[in-house]
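Being a predicted model, the structure only gives us computed values, none of them experimental.
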Amino acid sequence: MEISTIIGLLLGFVALILGMFLKGAPVESLVSNPAAFVIIFVGTAATLFVGFPLSEIKKFPKLIKLTMTKPKMISKAELITLFMEWATITRREGLLALEAKVEEIDDDFLRGGMRMIIDGNDQDFVQDVLTEDIAATEERHKVGAQIFTQAGMYAPTLGVLGAVVGLIAALSDMSDIDKLSHAISGAFIATVFGIFTGYVMWHPIANKLKRLSKKEMEIRLMMVEGLLSIQSGVSTIAIQQKLAVFLTPAERAQILEKGAGQGEQKE
């Protein structure tokens with residue numbers, strides 16, 4: 001489970017409820033105003049259906065789940081170790097020796113790239129296919145993030161709409177001052193929901209999806225560089241140094257220190 005998403009949402013609700021309590025606002029008004037729920041949540045859903053085709057809207061639950069669960073991706077350090085091992089095998093036994101390793105690869109992208117280089121495809125062809133695959137995947141990820149970005153953009157505005165509707169209802173009967181004041185305060189609950197969902201839920205979820213996409217694209221670019229390096233027959237140390245540029249300075253120093261003595265021995 002991606003605990004940071006859960007922590008963020010819980011903190012957001014705590015901030016809202018505790019803030020209302022400290023300000024003396026009735027917390028129960030959050031659940032006693034069904035009209036606010038309808039205007040914000042149904043209205044936000046309406047903007048998504050208008051703005052995106054149904055085939056993309058269907059991915060909404062899957063995208064929510066993606067931010068709640070830690071994605072299964074090989075780490076950059078593990079990937080470098082793996083490519084160093086493959087580079088050693090290639091230099092000793094040839095590229096075809098990696099065929100026994102193909103079925104052990106869990107990642108579809110990496111497995112497909114490995115098969116292409118084993119089959120003897122031209123290096124430019126392999127690079128073109130893999131980079132186009134990355135570009136197409138990145139575009140799909142952008143659409144997923146855009147769904148939540150649009151929800152975050154329109155929810156606060158729908159909150160204003162809800163407040164206006166509530167004020168219209170409140171001012172339609174001004175005979176009872178106590179009832180009028182209660183109705184006016186309730187009118188702004190939609191605004192609270194709109195701002196809260198927009199800036200605590202939808203926009204942050206969009207940002208998390210963008211970060212997850214960026215991390216996955218970096219891993220795939222590493223895979224491309226590693227595969228092309230193996231196809232070119234570079235040394236174990238060379239492939240380590242080439243892929244280390246994708247690491248942070250601290251990670252790079254650790255990997256280079258760890259592999260400095262091992263790489264030449266494997267050669």
Which residues pass the side-chain hydrogen bond (donor to acceptor under 3.5 Å, both in side chains) test with Glu216, not counting sequence neighbours? Arg220
Less than 4.5 Å apart, any side-chain heavy atom of Val200 and any of Phe13? no
Inter-residue atom distance Ile80.CD1 - Thr236.OG1, 0.5 Å rounding: 13.0 Å
When hydrophobic residues are tied together by side-chain contacts of less than 4.5 Å, even through go-betweens, does Ile17 share a cluster with Leu10? yes
To the nearest 0.5 angstrom, please state how far the CZ atom of Phe196 sits from the CD1 atom of Ile189. 13.0 Å
Separation of Glu138 CD from Met217 CE (nearest 0.5 Å): 6.0 Å
Pairs where residues 5-32 contributes a residue and the test side chain to side chain donor-acceptor pair (under 3.5 Å) is met, not counting sequence neighbours: Thr5-Lys208
Connected-component partners of Val31 among ILVMFWY, side-chain separation under 4.5 Å: none
If the condition is side-chain hydrogen bond (donor to acceptor under 3.5 Å, both in side chains), which residues does Thr90 pass it with, not counting sequence neighbours? none
Over all atoms of both residues, closest heavy-atom pair of Trp86 and Ile230: CB-CD1, 3.5 Å
Hey, mind stepping through Asp107 and Ile74 against side-chain contact (heavy atoms from CB on, under 4.5 Å) and telling me if it holds? CA-CA 9 Å; Asp107 188 271; Ile74 186 171; 6.0 Å; no
According to the salt bridge (charged side-chain N to carboxylate O under 4.0 Å, His left out) rule, which pairs have a member within residues 110-121, sequence neighbours left out? Glu103-Arg115, Asp108-Arg111
Identify the two heavy atoms, one from His141 and one from Ser213, that lie closest to each other, and give their separation to 0.1 Å. ND1-OG, 2.9 Å
Can you sort out the partners of Lys101 under salt bridge (charged side-chain N to carboxylate O under 4.0 Å, His left out), two or more places apart, ordered by chain and number? Glu85
Stepwise, does the side-chain contact (heavy atoms from CB on, under 4.5 Å) test hold for Leu227 with Leu110? CA-CA 8 Å; Leu227 289 168; Leu110 183 57; 4.1 Å; yes
Using the side-chain hydrogen bond (donor to acceptor under 3.5 Å, both in side chains) criterion, which residues pair with Glu218? Sequence neighbours excluded. Lys76
With sequence neighbours excluded, give me every salt bridge (charged side-chain N to carboxylate O under 4.0 Å, His left out) pair touching residues 232-247. Glu225-Lys242
If you group Ile, Leu, Val, Met, Phe, Trp and Tyr by side-chain heavy-atom gaps below 4.5 Å, do Ile117 and Phe125 land in one group? yes
Do Asn33 and Phe188 have side chains that approach each other closer than 4.5 Å (heavy atoms only, starting at C-beta)? no
Run the salt bridge (charged side-chain N to carboxylate O under 4.0 Å, His left out) test against Glu56 and tell me which residues pass, sequence neighbours left out. none
Let's go through Phe60 and Leu48 carefully: what are the C-alpha distance in whole Å and the side-chain angles of both, what is the deciding distance for side-chain contact (heavy atoms from CB on, under 4.5 Å) to 0.1 Å, and is it a yes or a no? CA-CA 10 Å; Phe60 190 91; Leu48 299 182; 4.1 Å; yes
Atom of Gln123, atom of Leu228 and distance for their closest heavy-atom approach: NE2-O, 3.0 Å
Shortest non-hydrogen separation from Phe37 to Leu30 and the atoms involved: CE1-O, 3.3 Å
Which pair of non-hydrogen atoms, one from Ala190 and one from Ile40, has the smallest distance, and what is that distance? O-CD1, 3.3 Å
Drop me the distance from Thr44's OG1 to Ile39's CD1, to the nearest 0.5 angstrom. 11.0 Å
Applying the 4.5 Å side-chain criterion to the ILVMFWY set and letting contacts propagate, would Met201 and Ile57 be lumped into a single cluster? yes
In Å, rounded to the nearest 0.5 Å, how long is the span from CD of Glu104 to CG of Leu98? 10.5 Å
For His203, give me all partners under ring pair (Phe, Tyr, Trp, His ring centres under 6.0 Å), at least two apart in sequence or on another chain. Tyr199
Is any side-chain heavy atom of Leu16 closer than 4.5 Å to one of Met20? yes
Using a 3.5 Å cut-off and no angle test, enumerate the donor-acceptor pairs between side-chain atoms of residues 144-171 and protein atoms at least two apart in sequence or in another chain.
| residue | atom | partner | partner atom | Å |
| --- | --- | --- | --- | --- |
| Thr149 | OG1 | Ala145 | O | 3.0 |
| Gln150 | NE2 | Thr47 | O | 2.7 |

Count I, L, V, M, F, W, Y as connected when their side-chain heavy atoms are under 4.5 Å apart, and connections chain through other members. Are Met73 and Leu66 then in the same cluster? no
Decide whether Leu63 and Leu9 are clustered together by the hydrophobic rule: side chain heavy atoms of Ile, Leu, Val, Met, Phe, Trp, Tyr closer than 4.5 Å, transitively. yes
Rounded to the nearest 0.5 Å, what separates atom CD1 in Ile239 from atom OG in Ser232? 9.0 Å
Closest non-hydrogen atom pair between Val129 and Met116, with its separation: CG1-CE, 3.9 Å
Which of these passes side chain to side chain contact (heavy atoms under 4.5 Å, CB included) with Phe246: Ile219, Leu79, Leu221? Leu221
Could you list the residues that satisfy side-chain hydrogen bond (donor to acceptor under 3.5 Å, both in side chains) with Glu78, not counting sequence neighbours? Ser75
